[in-house]
Amino acid sequence: MVSIDGLGDLWDKLFSAQPDPPPLLVLVTALVALVVVATRLPWRIARNVVTIAHEGGHALAALLTGRRLHGIRLHSDTSGLTLSAGRPTGPGMILTLLAGYVAPSLVGLAGAWLLGGNRITLLLWLTVALLLAMLVMIRNVYGVLSLLVTGGVVLAVSWYASAQTQAAFAWTSVWFLLLAGVRPVVELQRLRGRGRMPESDADQLARLTPFPALFWVAVFGLVNLAALAVGAMLLAGPILTDAGLTL
């Protein structure tokens, strides 16, 4: 059995604040994340993480609005599919469709809020818990492997890595989500302009609401840019502190 002292130590480990990372680490991790988002091959690999967040957003919105979640599929081309049952129209369906493209940025914003309080361990362990919760809804082999690999990397870093390595990993990951949330929206509109995504989330929202698909693309973009701006301010806390400034 786990002792009370052991539980207390675990609680302290989860919720205690780590020291501020060096300002240089904040800048370097932001640059690394930007390079990953902006370059072809790293983006092609890392985009799997964006897909996990995107489909997770659909799934969570479906559950919160009372829809029945049937499963999630993640594909090697970084596309995904979340299947839910319920009314084909109405607020529940609208919110479920809306959640996908904004989920990576909103997850990044939540991560930036935790890092703003230096809750690095809590961020890493929450990430593992969310990936495990999502794993039970995955319905294909590639999706299972994607979540196991992603969760395994996060767990290994949280358990074995030094405090500075954990900080570098956490800041890079959150910067990546904040920056990466914007690129799929640009790609979406580019593909829509070529007529290659007639069943996109934005087009489905257009059929369910009085607003055109371009309006919903703009909503995705504005939400993600706002999350990036606020998240960047939170992540820049160590830089501002070093400069004698406060948010």
Side-chain angles (χ1 to χ4, degrees), residues 37 43 46-75 77-88 90-114 123 126-140 142-144 146-147 150-151 154 173-189 191-192 197 199-206 208-209 213 215-228 230-231:
V37 172
W43 170 247
R47 201 183 195 284
N48 286 282
V49 176
V50 178
T51 303
I52 291 172
H54 180 113
E55 300 305 328
H58 282 315
L60 180 60
L63 291 172
L64 292 178
T65 56
R67 297 180 62 81
R68 296 185 301 279
L69 184 60
H70 286 176
I72 303 167
R73 300 178 70 87
L74 305 172
H75 303 131
D77 63 355
T78 71
S79 66
L81 178 65
T82 298
L83 297 174
S84 63
R87 288 184 57 194
M93 190 65 202
I94 292 171
L95 289 172
T96 299
L97 289 168
L98 179 61
Y101 274 97
V102 300
S105 292
L106 294 181
V107 171
L109 180 59
W113 178 72
L114 288 172
L123 170 65
L126 278 175
T127 301
V128 173
L130 289 172
L131 290 171
L132 286 175
M134 188 175 174
L135 181 62
V136 301
M137 297 307 304
I138 298 296
R139 296 294 181 263
N140 67 324
Y142 184 82
V144 170
S146 293
L147 262 69
T150 304
V154 178
S173 300
V174 172
W175 275 121
F176 170 75
L177 285 171
L178 289 170
L179 292 164
V182 178
R183 179 166 175 171
V185 180
V186 177
E187 294 175 342
L188 167 65
Q189 184 54 32
L191 291 172
R192 286 190 65 257
M197 290 191 70
E199 295 299 321
S200 72
D201 294 348
D203 290 280
Q204 293 183 64
L205 283 165
L208 294 174
T209 67
F215 169 85
W216 292 108
V217 174
V219 169
F220 299 156
L222 289 173
V223 170
N224 292 354
L225 287 172
L228 172 58
V230 176

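Computed from a predicted model, the values in this text were never measured in an experiment. No hydrogens, no waters, no symmetry mates; every other heavy atom, side chains included, goes into these values.
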Quick one: does any side-chain atom of Arg67 pair with a main-chain N or O of Arg87 as donor and acceptor, under 3.5 Å? yes
Smallest heavy-atom separation, Ala206 atom then Ala213 atom, equals CB-N, 3.4 Å
Does the side chain of Val182 reach to within under 4.5 Å of the side chain of Val37, using non-hydrogen atoms? no
To the nearest 0.5 Å, what is the distance between CE on Met137 and CG on Leu83? 9.5 Å
Non-hydrogen side-chain atoms of Glu55 and Met134 separated by less than 4.5 Å: yes
Flag yes if more than 12 heavy atoms outside Trp43 fall under 6.0 Å of its CH2 atom; otherwise flag no. yes
Whether Arg139 side chain and Arg73 backbone form a donor-acceptor pair below 3.5 Å: no
Ignoring hydrogens, what is the shortest heavy-atom contact between Ala103 and Gly57? Give both atom names and the distance. CB-CA, 3.7 Å
Hey, are the side chains of Val219 and Leu98 touching, using non-hydrogen atoms and a 4.5 Å cut-off? yes
With rounding to the nearest 0.5 angstrom, report the CD1 to CG distance, Ile52 to Leu130. 11.5 Å
For the residue pair His58 and Asp201, establish whether any side-chain heavy-atom pair is separated by less than 4.5 Å. yes
Leu97 side, atom CG; Leu205 side, atom CG - distance, nearest 0.5 Å: 4.5 Å
Test side-chain contact (heavy atoms from CB on, under 4.5 Å) on His75 and Thr51 and set out the steps. CA-CA 9 Å; His75 303 131; Thr51 303; over 6 Å; no
So His54 and Tyr101, would you call those rings parallel, tilted or perpendicular, with 30° and 60° as cut-offs? perpendicular
Interatomic distance, Phe220 atom CZ to Leu225 atom CG [nearest 0.5 angstrom]: 13.5 Å
Taking all heavy atoms of Leu177 and all of Gly108, pick out the closest pair and write down the distance. CB-CA, 3.8 Å
Heavy-atom closest pair (Gly181 atom, Asn224 atom, distance to 0.1 Å) is O-ND2, 2.8 Å
Rounded to the nearest 0.5 angstrom, the CD1-OG1 distance for Ile72 and Thr82 is 4.5 Å
Can you tell if the side chain of Phe176 reaches within under 4.5 Å of the side chain of Val50, non-hydrogen atoms only? yes
Name the residue from Leu123, Leu109, Val107 that meets the side-chain contact (heavy atoms from CB on, under 4.5 Å) definition with Val174. Leu123
Nearest 0.5 angstrom please: Ser84 OG to His70 NE2, how far? 8.0 Å
Over all heavy atoms of both residues, which pair between Met93 and Pro88 is shortest? Give the atoms and the distance, please. CG-O, 3.5 Å
Any Thr209 side-chain heavy atom under 4.5 Å of Trp216 side chain: yes
What is the minimum heavy-atom distance between Gly100 and Pro104, and which atoms define it? O-CD, 3.4 Å
Would Thr150 and Asn48 satisfy side-chain contact (heavy atoms from CB on, under 4.5 Å), going step by step from the backbone distance to the final call? CA-CA 9 Å; Thr150 304; Asn48 286 282; over 6 Å; no
Measure the shortest side-chain to side-chain distance between Leu114 and Leu126 over non-hydrogen atoms and say whether it is less than 4.5 angstrom. yes
Indicate yes or no: at least one non-hydrogen side-chain atom of Thr96 is less than 4.5 angstrom from one of Thr65. yes
